[in-house]
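Reviewing the structure listed below.
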Amino acid sequence: MTELAKAYDAKKYEDEIYKKWEELGFFKPEIDPSKKPFTISMPPPNATGTLHLGHATMLAIEDILIRYKRMAGFCALWLPGTDHAAIATQNKVEGILQKEGKTRHDLGRDKFLEKVKEYVANSQDTIRNQVRKMGSSCDWSREAYTFSDQLSFAVNTVFKRMYQDGLIYRGHRIVNWCPRCQSTLADDEVTYKETKSRFYYIKYGPVIIGTARPETKFADKVVIVHPDDKRYKKYVGKEMEIDWIDGKIKAKFVADEVADMEMGTGAMTITPAHSFVDFELAQKYGFEIIPIIGMDGKMLDVAGEFAGMDVKTCREKLVKKMQGQGLIDKIDEDYVHNLSICYRCGTSIEPLTSDQWFIDVNKKFPREKWEKKDNNLLKDLEGTNFSIKDIANHVVRSGQIKIVPNSFDKTYFHWMDNLRDWCISRQIWWGHRIPVYYCKDCGHIMVELDKITVCEKCSSVNLRQDEDTLDTWFSSALWTFSTLGWPNETEDLKYFHPTQVMETGYDILFFWVARMIIMSTYTLGEIPFETVYLHGLVRDKEGRKMSKSLGNGIDPLDMIAKFGADPVRLSLVIGTSPGNDMRLYEEKISGYRNFVNKLWNAARFSMMMIENTKENSSDLSLADKWIMTKTQTLIEEVTDFLNDFRLSDAGDKIYDFTWNVFCDWYLEISKVHHNPAILKYVLDVVLKLAHPFSPFVTEAIFQELQFNEENKKMLISEKWPNIQKDLVFEIATKQMETIIDIIKSIRSIRAESKVDPVKKIQAYIYGKDLTSALLAKSEVIKRLANLGELIIAQSGQKIEDSVSKFIGDIEIYLPLSGLVDFKKEFERLKKEAKRLTDYITALQLKLNNNNFVSKAPEHVVEEQRQLLKSAKTELAKVEEQINKS
RNA sequence: GGGCGCUUAGCUCAGUUGGUAGAGCAUCUGGUUUACACCCAGGAGGCCCAAGGUUCGAACCCUUGAGCGCCCACCA
């Protein structure tokens, strides 16, 4: 006799089971040409982070997909890894140094990098174990790291190729500069914060200009006004001498439509070195571009007496000076605008010009360039020349890549359409060093895959490698193929790429997903993945973002320790839908803990019955046929939902079936009469279907279910259930469902009539066509409805002094004389009659409507007719009963 | 300013080709029944944001509006 604990204890099983799966190699697919591959590249967590709910969600969803496909016969690869997360990691280590009163410059580049490496190695271990805790069935033997030698080589290879194609260029341009990180940022790495500040109206010769940043204005020499602005028409095209901060300067007036007549005074001076719009204007008209603020965030020499001050101090002092000069017209105190800030550290961004590396997103290449191998990347695409942007757009537009939910298509297109050249150089140390070498002697520039020491042109050894590193997204953009061995033509790459699903949060659609599409189509001529599944953000019960400062964060690892990994997974998947934020709270997790326990007990109970029964009956009872049929429906629904990426619906179905069908009915019925073969079959199916969602408890049960067999199989590698048409019994199912209705009715009457729950009462059922089925199940009905005596007949007399209920033409009487207040019963009947009358009226109205009968589909009309017929029968019975009272 | 999403039971959410509104939690009543109190049985609870329109029929489709949230652009 198997002795299992009354409650499932996750701690007792999880680690052990995970270890077994891993050691036995279930996570590691062998390439098999006869099988279809199913690949997911795991979005690499930052190498320095710890697991948060976003990761937990990602892991839960991906593991469900992978486990399902693995069981369904695919060669399933889930490739894990970590990201070196350039700026984020460097910031973290700098923070640690800061506590010791040091900066990275105190250590120097090499020593600092050693320190970061050490730190990363430690954190990677943490992350790996946390990923395991979630039950992730990923292939650790293929684990990757964005900064490994192999991936770095891939990075250099792509860089070189893009450089040779003229896609990567170095340019002196205006960029987003974070003075704290001491680095550039890509456009989408800048976020905005609504801020209230002062707005200064300053006298500039004959006009008044408005600005929130007077400290940038030292060298402004051009006034822009709108061509239609009557106020300033007289000045346009003129040059005049005006009094400015450090004496007289010459200012030019130019008309351009960018000037907004409504904004401020309608006149503006421009600062090309520190504003994107102004920079473009300066290029358009060929104005001088004079830097005012340095990369350290301090004022340059052009600021005269203010040189060397930080921006804030300068502003205060400058405004005082200008007030003294009478240059300040007025100051608006409540100016609200969006301040651009660094998404990593929150420091306000300083746009400034500098030499940087860019990817040209608009350079066009001829068709032949894109048509590689046997790809149909360009399918249905007209035209002769395409940029990386065009192709990235096309693969989504043409449906080669599908985004779930598709409402994000528009967002994607909009972003792609407006994409400007991508600044890829960063001035931090932690990251892939740009593989460009300059010869100090002859000035020759070389882009090399491996480190070089000699100039290829003049043989000088006086070389200097570019100091900058690459944007972290450059390397992660290669993730789907660099992790499979590219640029080597590996078997993995050939077999597993393109991958099938990219699953990640919608918040990195641009940062990452879009860039992967760009890089994969450019480099391989292949899409990186077929489907993008975007999950939402996890919020607290009030819908707030979880954050340390609010203290409302839930640590997935705490929850796993408390409830187990299965409940955490279930609560992150069920009740959520792709692209939509979800709310998580402990009660929800504990609810799924209860479910896991329910499943455990259902198995425990089933096993007792299976074990204690020697003979196997080949006869199928009504209940057996019913549960078999319901099981087939379940298989079909769950499979369809999973194929459709509707994980929540799939999980919900499993939950509902397990609890409300299998446990509440079939197991209860089994207490009267049980069929071990059927019990085993249904339990088996449930375990398999539930396994992707709650892998641990299902595997634990599956092991126990094999009792003392040698060479136990593991659920993880079992075959996904198929529907068996010969196990569908429609008539029996209908009959069983009516019997369930009858039992429910009796229970309901008992409760409403306040009959002592332990009292075994008597019942009459006139079953009409269902009579023989009822007779077969009479013991079941007696038990589940708690009846002492049950009289079943085809039809018969009304029973005096009884409470009655009618289901279609079936009549139920409970002789409760002395136990029930018949006045109340009379009221109940009246109410019932009213409900039925209203219902019948509504149905008749509908059926008398010629439009309905002629226009609605036949099956709908027929359905309504049946409903009417059965309601009428019931009403007649109810009314008869009322008349008798 | 441009775009997207949400608004359904007290709470969190389903409701996919338009056909008498659903689940979980919470709540109420009752319960030591051959698994499970992390349980069982039963009940109550909804002008499906508002107003129009299409339709025989609308939570669902269309228009407008309100409230909430998000993304993008930009404010010199």
Side-chain angles (χ1 to χ4, degrees), chain A residues 4 6-8 188 192 199 209-213 216-217 220 224 258-260 263-265 267-271 275-278 281 335-338 340 405 407-408 410-411 414-415 418 506-507 509-510 536-537 541 543 563 567 574-577 579-585 587-588 590-609 644 646 648-649 652 655-656 659-660 663-664 667-668 670-672 744 747-752 754 756-758 783-784 786 838-839 842-843 845-846 849-857 859-861 863-864 867 871:
Chain A
L4 289 182
K6 274 177 87 164
Y8 171 65
D188 49 355
Y192 297 90
F199 193 75
I209 57 159
T211 182
R213 305 203 54 192
T216 65
K217 298 282 162 201
D220 283 13
I224 306 280
V258 295
D260 180 354
M263 174 80 199
T265 60
M268 65 175 186
T269 60
I270 62 165
T271 314
S275 151
F276 279 82
V277 180
D278 294 1
L281 276 172
Y335 177 64
V336 178
H337 64 143
N338 285 327
S340 43
S407 51
F408 278 94
K410 265 195 177 171
T411 324
H414 181 259
W415 184 83
N418 292 295
Y506 65 75
D507 51 331
L509 177 63
F510 306 140
L537 269 41
K541 195 164 188 178
F563 301 109
I574 302 180
T576 71
S577 53
N580 289 316
D581 292 351
M582 61 189 102
R583 302 188 184 199
L584 187 73
Y585 37 93
E587 297 93 296
K588 188 173 174 186
S590 76
Y592 287 107
R593 186 267 322 268
N594 296 353
F595 169 70
V596 164
N597 189 241
K598 186 77 181 174
L599 185 58
W600 174 258
N601 272 288
R604 188 161 75 98
F605 186 54
S606 303
M607 280 193 269
M608 273 163 45
M609 287 190 283
D644 233 9
R646 289 168 61 175
S648 173
D649 292 326
D652 213 36
Y655 182 104
D656 179 60
W659 203 311
N660 305 118
C663 289
D664 286 354
L667 288 187
E668 289 305 319
S670 293
K671 289 175 183 174
V672 176
K744 279 185 172 170
R747 282 175 175 173
S748 175
I749 292 170
R750 289 184 64 119
E752 270 182 73
K754 308 247 185 263
D756 181 353
V758 294
R783 184 190 167 89
L784 298 194
N786 199 17
D838 289 350
Y839 185 38
L843 283 171
L845 212 69
K846 200 186 265 189
N849 184 331
N850 269 334
N851 279 322
F852 173 69
V853 178
S854 59
K855 287 182 186 171
H859 75 272
V860 173
V861 178
E863 212 175 277
Q864 304 290 310
L867 288 171

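Proteins get letters first, then strands, A, B, ... in listed order; numbering begins at 1 in each.
Heavy-atom nearest nucleotides on RNA chain B were determined for A/Lys588 and for A/Ile224, and the one closer to the 5' end corresponds to A/Lys588.
A/Ser748 contributes no side-chain N or O that, together with a main-chain N or O of A/Lys744, makes up a donor-acceptor pair within less than 3.5 Å. Using modelled atom types, one side-chain atom of A/Asn601 and one backbone atom of A/Asn597 make a donor-acceptor pair closer than 3.5 Å. With hydrogens and angles disregarded, a donor-acceptor distance shorter than 3.5 Å links the side chain of A/Ser275 to the backbone of A/Asp278.
Donor-acceptor pairing under 3.5 Å, judged by distance alone, is absent between the side chain of A/Lys846 and the base of B/C56. No N or O donor and acceptor, one from the side chain of A/Arg783 and one from the base of B/U33, sit under 3.5 Å apart.
The side chain of A/Tyr335 approaches B/C75 more closely than any other nucleotide in the set B/C75, B/C4, B/C56. Distance from the side chain of A/Glu668 is smallest to B/C36 among B/U20, B/C36, B/G19. Residue A/Phe605 places its side chain closer to B/U34 than to any other of B/C39, B/U34, B/C13. Nearest nucleotide to the side chain of A/Asn601, out of B/A35, B/C71, B/G24: B/A35.
Across the protein-nucleic acid pair, A/Asn418 atom CG and B/A73 atom P stand 8 Å apart, rounded to whole Å. Between the CZ atom of A/Arg750 and the P atom of B/G31 there is a distance of 13 Å, rounded to whole Å.
To the nearest whole angstrom, the two C1' atoms, one in B/C48 and one in B/C61, are 16 Å apart.
If you check every strand for non-hydrogen atoms under 4.0 Å, A/Phe563 touches nothing.
A close approach under 4.0 Å does occur between a side-chain nitrogen or oxygen of A/Lys598 and OP1 or OP2 of B/C40. Taking side-chain N and O atoms only, A/Ser854 has no distance below 4.0 Å to OP1 or OP2 of B/C56. A/Trp659 has a side-chain polar atom (N or O) that falls below the 4.0 Å cut-off from OP1 or OP2 of B/C40.
Where RNA chain B pairs in unbroken runs of 3 or more (Watson-Crick or G-U, both distances under 3.5 Å), the stems are B:1-7 with B:66-72, B:10-13 with B:22-25, B:27-31 with B:39-43, B:49-53 with B:61-65.
Here A/Trp415 does not count as stacked on B/C72, because the ring centres are not under 5.5 angstrom apart with planes under 30°.
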